[in-house]
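Here's the structure, in structure tokens; my notes come after.
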Amino acid sequence: MPTTQQLQDFTQQVRRDIVRMVHAVNSGHPGGSLGCAEFFTCLYQEIMNYSTDFTMDGTNEDLFFLSNGHISPVYYSVLAHSGFFPVAELATFRKLDSRLQGHPTTHEALPGIRIASGSLGQGMSVAIGAAEAKKLNGDDKIVYSLHGDGELQEGQIWEAAMYASAKKVDNLISTVDLNEKQIDGSTDEVLPMGSLKAKFEAFGWDVVEIKEGNNVEAILNGMADAKSRTGKGKPVCVLLYTEMGNGVDFMMHTHAWHGKAPNDEQLASALAQNPETLGDY
């Protein structure tokens, strides 16, 4: 089991990878990726039970589905450093013939990726299907999904949420990256959603809130709480309060870096704030 310091060091390297990948091709989504770096680190370094000997069916493994696929940089970095594919391959991000497309896809057969995501709103439906398949197969492992809070403005999310509770899909933990920002501004400016906790509870879910979504210990404790609530007849929603652009000061407290790459000077500043820990690609 990694120590808190090891998880923080891992996260710091992931932040370096994110800004370097996006800068290299002047394209990508650093803001949400940085905001979820601690969550992905905890998920793949401690929380989930999985094998890097990757198979699409994932029998007797916990499964993860990324619904808001534009934050692929954080996903790719964590998968690589967790042993799914060579870290050096991160240098191919968003390039022609790369397995690391801007939004994750499956036809390149990149280990760790089970669905193509990018069209928002679909990941929960897929996760529910996988969770039901596990129940049918007598597989007691858990299915995890991650969603952006702006993504919850998509209607399919609420159809899926209604179905999951009605069918007692209680081996599902769906996390919402609650940074209150999306590409056009704050979620309250674009389309206010009110209390997500009240909404998910009204849809029959059990809800866990992680108020410090960029704190590894808070994430581990909150996700352990969420896991303890599975198997009790309700799907579980985790509301993860994060800061978009976390760890890079000029990317924080703004939606401006949702889908914008840093220039050379900005990259140098971001890297200076996150010294190398695990080794750059």
Side-chain angles (χ1 to χ4, degrees), residues 4-5 7-23 28-45 47 66-78 120 144-153 174-197 207-223 226 237-262 266-267 269-275 277:
T4 298
Q5 187 60 55
L7 292 171
Q8 290 169 341
D9 288 347
F10 191 103
T11 301
Q12 188 164 301
Q13 186 65 48
V14 169
R15 287 198 289 262
R16 285 182 67 87
D17 291 347
I18 291 167
V19 294
R20 291 183 67 223
M21 281 190 280
V22 173
H23 168 267
H29 298 77
S33 294
L34 290 166
C36 287
E38 290 86 358
F39 175 75
F40 272 87
T41 293
C42 291
L43 198 65
Y44 276 91
Q45 288 299 293
I47 296 167
L66 175 64
S67 190
N68 51 329
H70 55 275
I71 65 167
S72 61
V74 64
Y75 196 13
Y76 294 150
S77 173
V78 170
L120 294 174
Y144 295 85
S145 64
L146 178 66
H147 311 268
D149 51 358
E151 181 189 7
L152 269 56
Q153 295 159 353
S174 291
T175 298
V176 178
D177 174 21
L178 196 52
N179 60 32
E180 301 182 328
K181 298 175 184 68
Q182 59 193 101
I183 192 168
D184 290 326
S186 73
T187 50
D188 278 348
E189 290 170 338
V190 177
L191 184 63
M193 291 179 284
S195 169
L196 291 178
K197 183 175 190 289
V207 179
V208 173
E209 294 185 282
I210 302 178
K211 294 290 189 179
E212 297 179 74
N214 295 114
N215 178 308
V216 295
E217 290 183 346
I219 293 168
L220 292 177
N221 290 334
M223 294 303 288
C237 171
V238 175
L239 298 179
L240 182 76
Y241 293 80
T242 69
E243 181 59 53
M244 183 178 277
N246 188 60
V248 177
D249 57 8
F250 61 88
M251 292 187 179
M252 296 169 67
H253 311 296
T254 174
H255 72 279
W257 294 91
H258 172 96
K260 174 184 172 183
Q266 290 164 333
L267 173 67
S269 173
L271 294 177
Q273 295 173 54
N274 293 279
T277 54

Non-neighbouring partners of [X] that pass side chain to side chain contact (heavy atoms under 4.5 Å, CB included), sequence neighbours left out:
| X | result |
| --- | --- |
| Ser67 | His147, Glu151 |
| Lys211 | Glu209, Tyr241 |
| Asn221 | none |
| Ala218 | Ile210, Glu212, Asn215 |

Can you give me the closest heavy-atom contact between [X] and [Y], atom names plus distance?
| X | Y | answer |
| --- | --- | --- |
| Thr41 | Thr11 | OG1-OG1, 3.2 Å |
| Ile18 | Pro30 | CG2-CA, 4.0 Å |
| Asn214 | Leu34 | ND2-O, 4.5 Å |
| Gly32 | Ile71 | C-CG2, 3.7 Å |
| Glu189 | Gly185 | OE1-CA, 3.8 Å |

State, yes or no, whether a side-chain contact exists between [X] and [Y] at a heavy-atom distance under 4.5 Å.
| X | Y | value |
| --- | --- | --- |
| Val22 | Pro262 | yes |
| His255 | Ile183 | no |
| Ser77 | Met21 | yes |
| Tyr144 | Ile47 | yes |

Set of ring-ring contact (aromatic ring centres under 6.0 Å, His included) partners for [X], sequence neighbours left out:
| X | answer |
| --- | --- |
| Tyr75 | Phe40, Phe64 |
| His23 | none |
| Phe39 | none |

Salt bridge (charged side-chain N to carboxylate O under 4.0 Å, His left out) against Glu243, all qualifying residues, sequence neighbours excluded =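 Residues passing salt bridge (charged side-chain N to carboxylate O under 4.0 Å, His left out) with Glu243: Lys181.
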Could I get the full list of salt bridge (charged side-chain N to carboxylate O under 4.0 Å, His left out) partners for Glu217, not counting sequence neighbours?
->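 Partners of Glu217 by the salt bridge (charged side-chain N to carboxylate O under 4.0 Å, His left out) criterion come out as none, since no residue qualifies.
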Atom pair [atom1]/[atom2] of [X] and [Y] - distance to nearest 0.5 Å:
| X | Y | atom1 | atom2 | result |
| --- | --- | --- | --- | --- |
| Thr4 | Leu220 | OG1 | CG | 7.0 Å |
| Met193 | Gln153 | CE | CD | 4.5 Å |
| Leu7 | Ile219 | CG | CD1 | 9.0 Å |
| Thr254 | Met244 | OG1 | CE | 8.5 Å |

Mind listing the side-chain donor-acceptor pairs of residues 245-252 below 3.5 Å, one per line with the distance, residues two or more places apart or on another chain?
unit_1	atom_1	unit_2	atom_2	d
Asn246	ND2	Glu38	OE2	3.0
Asp249	OD1	Gln273	NE2	2.9

Can you list the residues that meet the side chain to side chain donor-acceptor pair (under 3.5 Å) rule with Thr175, with sequence neighbours excluded?
->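 With sequence neighbours excluded, Thr175 shows a side chain to side chain donor-acceptor pair (under 3.5 Å) to no residue whatsoever.
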Ser33: side chain to side chain donor-acceptor pair (under 3.5 Å) partners, not counting sequence neighbours =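 By the side chain to side chain donor-acceptor pair (under 3.5 Å) rule, Ser33 matches no residue at all.
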Mark yes or no for whether Asn68, through its side chain, and Leu120, through its backbone, hold a donor-acceptor pair below 3.5 Å.
->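 Judged by distance alone, no pair lies under 3.5 Å.
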Taking Asp149 as the fixed residue, which of Leu239, Thr242, Thr187 is the one that meets the side chain to side chain contact (heavy atoms under 4.5 Å, CB included) rule?
->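 Exactly one pass, corresponding to Thr187.
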Yes or no on side-chain hydrogen bond (donor to acceptor under 3.5 Å, both in side chains) for Asp9 and Gln13, after CA distance, side-chain angles and deciding distance?
-> CA-CA 6 Å; Asp9 288 347; Gln13 186 65 48; over 6 Å; no
